[in-house]
Every structure is written in C-alpha cells, then in structure tokens.
Amino acid sequence: GGFGPAGEAGVGGGDSPASDLDSLWDAFFQSLDGGHPELLAFLSGPAAGSQPEAPSELSVVLRTLIPKTGPRCPLAVPRRELVVQDVLSGTVTFLPLEEDDGGNVKVETSNVYQIRLSQSQEEWFISILIFCPERWHSDGIVYPQPAWLGEELLARLARWSVESKKSGFKSTLSLISIIKYSKTYQMLKEKYKDMVKVWPEVTDPEKFVYEDVAIAAYLLILWEEERAELHLTAKQSFIDLGCGNGLLVHILSTEGHPGRGIDVRRRKIWDMYGPQTCLEEGAITPSDKTLFPDVDWLIGNHSDELTPWVPVIAAR
Ligand SMILES: C[S@@+](CC[C@H](N)C(=O)[O-])C[C@H]1O[C@@H](n2cnc3c(N)ncnc32)[C@H](O)[C@@H]1O
C-alpha cells in the first residue's frame, strides 16, 4: 500500500525539538509493524492494496493543543498529538500522545481519527473516520462527541473546501506565541471576570470585557517580547485615544504599564476603576499639540474619526 516511513517531518507548536518527533515517529512506526495491523491499514487509507506500488509521502507534525477552559474542561491541560498527512492518498490522521509517569511519550490507539478526501467520477467526498469507535472517549473539547465530528465538523469542512477566501495579510497572531497568549488570556479573564457582573453600561458586558481582556493579553505579550528584544526593564507606557469604557486602560495599568485614556465622552464605569486608572474627558483634535512624544505606544481601537490619525501621530 501507499504507506512508508515519514518522507518529510515538520514540527508544529514551536516548543518541541525535531528530535522528539523523530524518535516518537520511529517508536510508533516500529510498534505498527509489530502489532497493530489494523491501525497500519487505517493509516494507509483507501489506496492500500489497490495500488501496491503507489508512492507515499507523509508529512508528520507534532503539535500541542491548548484546550479552551470551560465548565466541562476546567483544568485545560495542553494535549499533544501527531498529525500524519498523506497528500497522495488524501488523508490526515490525528494520533493522540500520552505521557506516562516516567515522562515517556507514546501514541495512544484510542481517540485516533482521520479526515479523508476522495473522488468518485466528478464528485469529491470528505469523510471523518474514527479508528475503533468503541474506544472513543469524548471530553467535549479536544475529543468531541462523534456526532459533532460527523455533523458539525464535516459540514464546516465541506463549506471551507469550496470557499475561496484569499488573504494576502500575514496573520497578526503569529507575531506572538499562541501558548503564551492563551495562558495570559485565561489568567486575565479569570482576574477581571467580575467586571461583567458590575458593568453599569448599556453595552453587552460579555462582549466588551472579553474583547478588552483579549487585546490586553495580546499587548502584554507583545510588549514583554519587545522588552526582551531591546533589553528594556521599564514597562512600556501608552495612551489610548478614544478609550471608550476605559477597561483596556484599566487592565494595562493594573498590569503595571503607565498610561492613560482619553475620550470625548466620559462613561459611568470610569468611576469604578479607582485612582490608579487615568482617564480623561476631552476631544482630541489632531494637531502639533496632540503628538504624545513621551509615550511608547499609541492605542486606537475602533477610535472612529481618530483612526486615520493614529499612524500619522505615531510617525511624528
Ligand atoms: C467605537 S468607540 C471605541 C471605544 C474603545 N476604544 C473600544 O474599543 O471599546 C470610539 C470612541 O472614540 C471616541 N472618540 C471619537 N473621536 C474622538 C476624538 N476626536 N477625541 C476623543 N475621543 C474620540 C468616541 O467618543 C468613542 O468612545
């Protein structure tokens, strides 16, 4: 069949050396040869047997999944898995990894699943297959219910496959480590979640609190990396132009960054933050007097008519 040793190996997630992947793959491949003929057949995909000489090129990625926290998964332990992609046979197989008490990592044979792309006459088909459904244990997050895989995920995959969304932009999330971002986001979400309960504005607290928590998490990581790169010790200062409810200013100040926010309209919630959060009511009219030369970072998040002026002020 079209199955052979890894033709190409890449490492995803950024925190695992390539040698980890090589030794994991070697051990797993040997165990397949030894005692798991069914798993070998599952991995080989539909081409196995029909085209004995078919070439095979596998790409194997070792990646870390950072689960969302939630009532069903409060601990959110990161999980590692091998993703085996076989472009020629149209399959990608997800193999969960388990670590024993001695720190040895090996492939688990339960919770293995595969996405398969196949063509029959003019039509393309996508299927999701579970290896050994009777040993599938859902946790509702990393390992969803089979019904979710078969109904929701399959429908989304089909939709994404025919969509043609081209974007020339570099993903801005890739400027920072996703693992660090997720940890900081979850820590800040926990720390500032009570703001949702006391929100005095008419706007939706869930939307605003978590959006500002997410922006703060992003900036805190970006600034931490900037300090490391430039060998700075003092935390960067900022000014938020058109700061609205001021929550972003409040979080960044509480996390140790000196800064202030300005908005043409004062909000009720400003009075709840305490004196360490500096918010000023005032209209910014772009001119030589509104350049903020002593501030490290200018922030403008959906700042209405100020938006086009933010890069102009920053350049000056
Ligand atoms: C869409 S809101 C965004 C608020 C906040 N940045 C956020 O992300 O939730 C735009 C804000 O910019 C403020 N604003 C617009 N023009 C301004 C100006 N010239 N000077 C000060 N604030 C201004 C508005 O009062 C409004 O609160």
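Remember, predicted model here, so these are calculated numbers, not experimental data. One-based numbering, in listed order, for ligands and for the atoms of each.
- Side-chain N/O atoms of S110 and E108 include a donor and acceptor closer than 3.5 Å.
- In terms of protein heavy-atom proximity, atom 4 (C) of ligand 1 is nearest to G242 O, 3.4 Å.
- Ranked by closest heavy atom to atom 23 (C) of ligand 1, the top entry among T290, T285, V264 is V264.
- Between F131 and W136, the ring centre distance reaches or exceeds 6.0 Å.
- For K189 and Y210, the positive end sits near the middle of the six-membered ring, less than 6.0 Å away and at most 45° from its axis.
- Contacts between E211 and ligand 1 below 4.0 angstrom, taking non-hydrogen atoms only, are absent altogether.
- Not a single heavy atom of P286 lies less than 4.0 angstrom from ligand 1.
- Ligand-side atoms of ligand 1 in range of H302: 1 (C), 2 (S), 3 (C), 10 (C), range being under 4.0 angstrom from any heavy atom.
- With contacts defined as side-chain heavy-atom distances shorter than 4.5 Å, the pair Q85/V61 does not qualify.
- Without hydrogens or angle criteria, S177 side chain to K180 main chain gives a donor-acceptor distance under 3.5 Å.
- Here's the thing with I284: one of its N/O atoms is less than 3.5 angstrom from an N/O atom of ligand 1.
- Using a 3.5 Å distance cut-off with no hydrogens or angles, the side chains of T233 and R227 do not pair a donor with an acceptor.
- In the vicinity of A283, heavy-atom distances shorter than 4.0 Å reach the ligand 1 atoms 20 (N).
- When side chains are defined from C-beta on, L43 counts as touching V84, because their heavy atoms get closer than 4.5 Å.
- Judged by distance alone, the side chain of W199 and the main-chain N or O of T203 form a donor-acceptor pair under 3.5 Å.
- Ligand 1 has a nitrogen or oxygen under 3.5 angstrom from a nitrogen or oxygen of N301.
- Looking only at heavy atoms of the protein, atom 11 (C) of ligand 1 is closest to D263 OD2, 3.6 Å.
- Residue F208 has no N or O atom closer than 3.5 Å to an N or O atom of ligand 1.
- On a distance-only criterion, R267 and ligand 1 share at least one N/O pair closer than 3.5 Å.
- Protein heavy atom nearest atom 17 (C) of ligand 1, with residue, atom name and distance: L306 CD1, 3.6 Å.
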